[in-house]
Amino acid sequence: MASRAFKRFQTTLFISAILIFSLLLGSCGGGQSSPPPSSPSTGTGTGTASVAIGPSRAALTTGQAQTFTATVTGNSVTTVTWEVDSIPGGNSSVGTVSAAGVYSPPSSAGTHTVVARSVGDTSATASASVFITDLAGVFTYHNDLSRDGVNSQEYALNTSSVKTTFGKRFACAIDAAAYAQPLWAANVAIGGGTHNVLVAATQHDTVYAFDADASPCHTYWSKSLLASGETWVASADVSTTDISPDIGIVGTPVIDPNTNTIYVVSKSKNGASFHQRLHALSLIDGSEKFNGPQEIAFTLNGNTFDPLRQNQRAGLALVNGVVYIAYASHGDVNTFYGWIVGYSASSLAQVSVFNDDPVSSYGGIWMAGGAPAADSNNNLYVITGNGFFDGITQFGDSFLKLSTGSNMGVLGFFAPSDQAALGSTDQDLGAGGAAMLIDQPSGPVPHLLIGGGKEGKLYLLNRDTLGGNTGTDSGAVQTFSGGNSIFATPAFWQNTLYLGSAFDHVKAYSFNPASGTFTTAPASQSPGLYGYPGSTPSISSQGSSNGIVWDIENAGPAVLHAYDATNLGTELWNSGNNGADQAGPAVKFTVPTVANGKVYVGTGSEISVYGLSPN
């Protein structure tokens, strides 16, 4: 009995082995299992597989993640393994990618390649380009306090990709025209995650926080800054159509990234009562902070702020914990002053007040929407419009260097030799804004400032001693023609100045660090002419390479142009060439915002968003 039992056991064991072998053979032939992801080289591919990946390109900040999907055809094994820069799974220096295709970037900027590799045919791959920026944000007008207009931390947009894969990706609807430059903040804890946020402000006194990347547009919040019973101001109220038909938020706000606060000035009315208020809004949810809003109301030496007549056209400046607001008029309708008023960023308490022409009530600070520049010592630089000049208390048509804090006052000035003529013929020097050049420690003048106005002349000045009023312009480091009337803030990148005068080409002027001056003949210019008012350029680059000059043409629909910064004669792309790329209605003096592979354009009805095609 024991012998027969043993034989039955042997038979059962043999049959079981055959069944197990058959199952294993079926598994290999039927594709029901796959080699482990850590060993892609063990795949049994046939050489006929094809892999597709989506998206094929992505622009990310260091705080974002991107999910990639891969599709395998031509092989029964449809799974893939993932690599970053030829490293399976990636690592902390290039970014990591999970088995599910979720890529998490490194903490540093750069360009990387994510690869999906077929498990069934390891020779079959598909790749995607990932562009990582460490740009924290575009928190203020023209990018920074120097107002040079440069984002040198842009990796996705280059002179090749913009030619071939660039276009309008989506638009965010707004309730009125956006005269203010859109602002951008990276890696904000909002909406239950970490997102990049686009901030826009309109003439109906509305502030929006949009997802800067979501298509279709996603709004995190919007907030009306009108008090109960109020509405925005109409152009008829100010007796000019200089801004028409509605007037609300005009100047570009400023964001404090340390506190996630948006500072913005609203203008409103309730019957015959007019108001301007400084708001401190939470970037996260739009709520008022620091006991805001603060009613803007003050009197200095018998002159009283008029919330109806004063136009807050210039962008706000946040310098050393103080928000500075500069004022001009609507058109030339009296009575207005060239006020600059400062408020504490933490309490909204008034800190300082300055008036550049208290006698005549002129000297407005427009600067075509440009914001006061500021140096490392927290001094402000502005250019004033038509007004009287005595070099003591009156500073019409002048460059001013101002101390900040509670004792705001004039530290230096430059008034052109024809200052009086500029004022009498309505040739505002302050029609354009001032930009600071990067420091020139080995040059003859280390600290330089440049700007110009309606006369079309550019003044290069020594920031340490602006030059006064000599009657001959000898106090300037250099003067030269910038073409026609200037209603713009110049941009400066790689020893080149970029300027778009009215009814003129966009022009590039080369700077010689050894002489500390510019070559006065343009090094290059755009192929086409712009009309009124010209343009304020913005520049994107990867450090010193792949420079692109971005400009908005004030046509019917706004037209966004992209030029090779090394030769403006090479236009890479413009939104007028394809109906699908058309922007919203043009708004004068608007400035493009470039960040993380996208360009944001404020218009009369939307924020038009441009970027690379994802595929």
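Along the sequence shown, the residues carry numbers beginning at 1.
- Using modelled atom types and a 3.5 Å distance limit, the side chains of Asn158 and Ser161 yield a donor-acceptor pair.
- Contact record, Arg147 with Ala317: NH2-CB, 3.6 Å, taken as the closest heavy-atom pair.
- At least one side-chain heavy atom of Ile450 sits less than 4.5 Å from a side-chain heavy atom of Phe518.
- Residues satisfying the side chain to side chain contact (heavy atoms under 4.5 Å, CB included) test with Pro253, not counting sequence neighbours, are Ala180, Leu183, Ala201, Ile262, Val264.
- Partner of Lys401 under the side-chain contact (heavy atoms from CB on, under 4.5 Å) criterion, chosen from Thr465, Leu411, Leu449: Leu411.
- At least one donor-acceptor pair under 3.5 Å links the side chain of Gln312 to the backbone N or O of Ala314.
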### Task
Evaluate the side-chain contact (heavy atoms from CB on, under 4.5 Å) criterion for residues Ile325 and Leu316: first the C-alpha distance (whole Å), next the side-chain angles of each, then the deciding distance (0.1 Å), finally the verdict.
CA-CA 5 Å; Ile325 310 167; Leu316 302 186; 3.7 Å; yes
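- No donor-acceptor contact under 3.5 angstrom links the side chains of Asn143 and Asp148, judged on distance only.
- Listed for the Gln153 side chain is no donor-acceptor partner under 3.5 Å among the backbone atoms of Tyr155.
- Formation of a donor-acceptor pair under 3.5 Å by the Ser344 side chain with backbone atoms of Ser346 is found in this model.
- The number of heavy atoms from other shown groups lying within 6.0 Å of CZ (Phe388) does not exceed 12.
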### Task
Quick one: do Asn386 and Asp397 satisfy side-chain contact (heavy atoms from CB on, under 4.5 Å)? Show the steps, please.
CA-CA 5 Å; Asn386 296 333; Asp397 288 298; 3.4 Å; yes
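- With hydrogens and angles disregarded, no donor-acceptor distance shorter than 3.5 Å links the side chain of Thr111 to the backbone of Phe131.
- One N or O on the side chain of Thr470 and one on the backbone of Thr472 form a donor-acceptor pair closer than 3.5 Å.
- At a threshold of 4.5 Å between non-hydrogen side-chain atoms, the residues Leu572 and Lys163 count as touching.
- Asn151 and Ser540 share no donor-acceptor pair across their side chains, judged by distance under 3.5 Å alone.
- Using modelled atom types, one finds a donor on one side chain and an acceptor on the other under 3.5 Å when comparing Asp85 with His112.
- Nearest heavy-atom pair, Gly569 versus Ser524, reported as atom, atom and distance to 0.1 Å: N-CB, 4.4 Å.
- In summary, the side chains of Thr61 and Asn187 do present a donor paired with an acceptor at a separation below 3.5 Å, with no hydrogens or angles considered.
- Using a distance-only test at 3.5 Å, with no hydrogens or angles considered, a donor-acceptor pair links the side chain of Thr384 to the main chain of Ser398.
- Counting only heavy atoms from C-beta outward, the side chains of Val549 and His561 never approach each other to under 4.5 Å.
- Of the candidates Ile552, Asp551, Thr590, Asp504, Asp551 is the only one forming a side-chain contact (heavy atoms from CB on, under 4.5 Å) with Ser535.
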### Task
Before giving the answer on side-chain contact (heavy atoms from CB on, under 4.5 Å), spell out for Tyr459 and Leu429 the whole-Å C-alpha distance, their side-chain angles and the decisive distance to 0.1 Å.
CA-CA 10 Å; Tyr459 296 89; Leu429 180 62; 3.8 Å; yes
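- Although no hydrogens or angles enter the test, the distance criterion places no donor-acceptor pair under 3.5 Å between the side chain of Glu571 and the main chain of Ser526.
- The two residues Thr261 and Ala280 come nearest to each other via the heavy atoms CG2-CB, 3.8 Å.
- Checking side-chain atoms of Gln419 against main-chain N and O of Gly387 turns up a donor-acceptor pair under 3.5 Å.
- Using a 4.0 Å cut-off between charged side-chain N and carboxylate O, Arg169 and Asp213 make no salt bridge.
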### Residue pair Tyr498, Tyr563: steps toward the ring-ring contact (aromatic ring centres under 6.0 Å, His included) verdict
CA-CA 11 Å; Tyr498 301 89; Tyr563 304 101; 9.8 Å; no
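- At a threshold of 4.5 Å between non-hydrogen side-chain atoms, the residues Trp550 and Val162 count as touching.
- What you find for Pro372 and Met367 is that their closest heavy atoms are N-CE, 3.8 Å.
- Results of the side-chain contact (heavy atoms from CB on, under 4.5 Å) test with Trp184 over Val594, Ile255, Asn596 single out Asn596 as the only residue that passes.
- Here the closest non-hydrogen pair linking Asp439 and Pro441 is O-CD, 3.2 Å.
- In this structure, the side chain of Ser403 engages the main chain of Asn407 through a donor-acceptor pair within 3.5 Å.
- When atom types are taken as modelled, the side chain of Asn512 and the backbone of Ala514 share a donor-acceptor pair closer than 3.5 angstrom.
- Remark: aromatic rings of Tyr343 and Tyr263 are distant, center separation not under 6.0 Å.
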#### Entry: side-chain contact (heavy atoms from CB on, under 4.5 Å) assessment of Lys588 paired with Asp242
CA-CA 10 Å; Lys588 67 179 182 180; Asp242 183 55; 3.1 Å; yes
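- If you check the side chains of Tyr610 and Asp581, you find no donor sitting under 3.5 Å from an acceptor.
- No side-chain N or O of Asp564 forms a donor-acceptor pair with one of Thr570 less than 3.5 Å apart.
- With a 6.0 Å radius and a threshold of 12 heavy atoms from other residues, nucleotides or ligands, Tyr362 has its OH atom at or below the threshold.
- The side-chain heavy atoms of Lys507 and Leu499, taken from C-beta on, include no pair separated by under 4.5 Å.
- Counting heavy atoms from C-beta on, the side chains of Ile607 and Val601 never come closer than 4.5 Å.
- Val130 is not listed as a side-chain neighbour of Val84, based on a closest heavy-atom distance of 4.5 Å or more.
- Phe413 has its ring centre less than 6.0 Å from the ring centre of Phe395.
- Asn577 CG: more than 12 foreign heavy atoms inside a 6.0 Å radius.
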Listing, residues 485-495 side-chain donor-acceptor contacts under 3.5 Å, not counting sequence neighbours, or none:
unit_1 : atom_1 : unit_2 : atom_2 : d
Ser485 : OG     : Lys454 : O      : 2.6
Trp493 : NE1    : Ser541 : OG     : 3.2
Trp493 : NE1    : Gly543 : O      : 3.2

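- Using a 4.5 Å heavy-atom threshold, the side chains of Phe511 and Leu448 count as touching.
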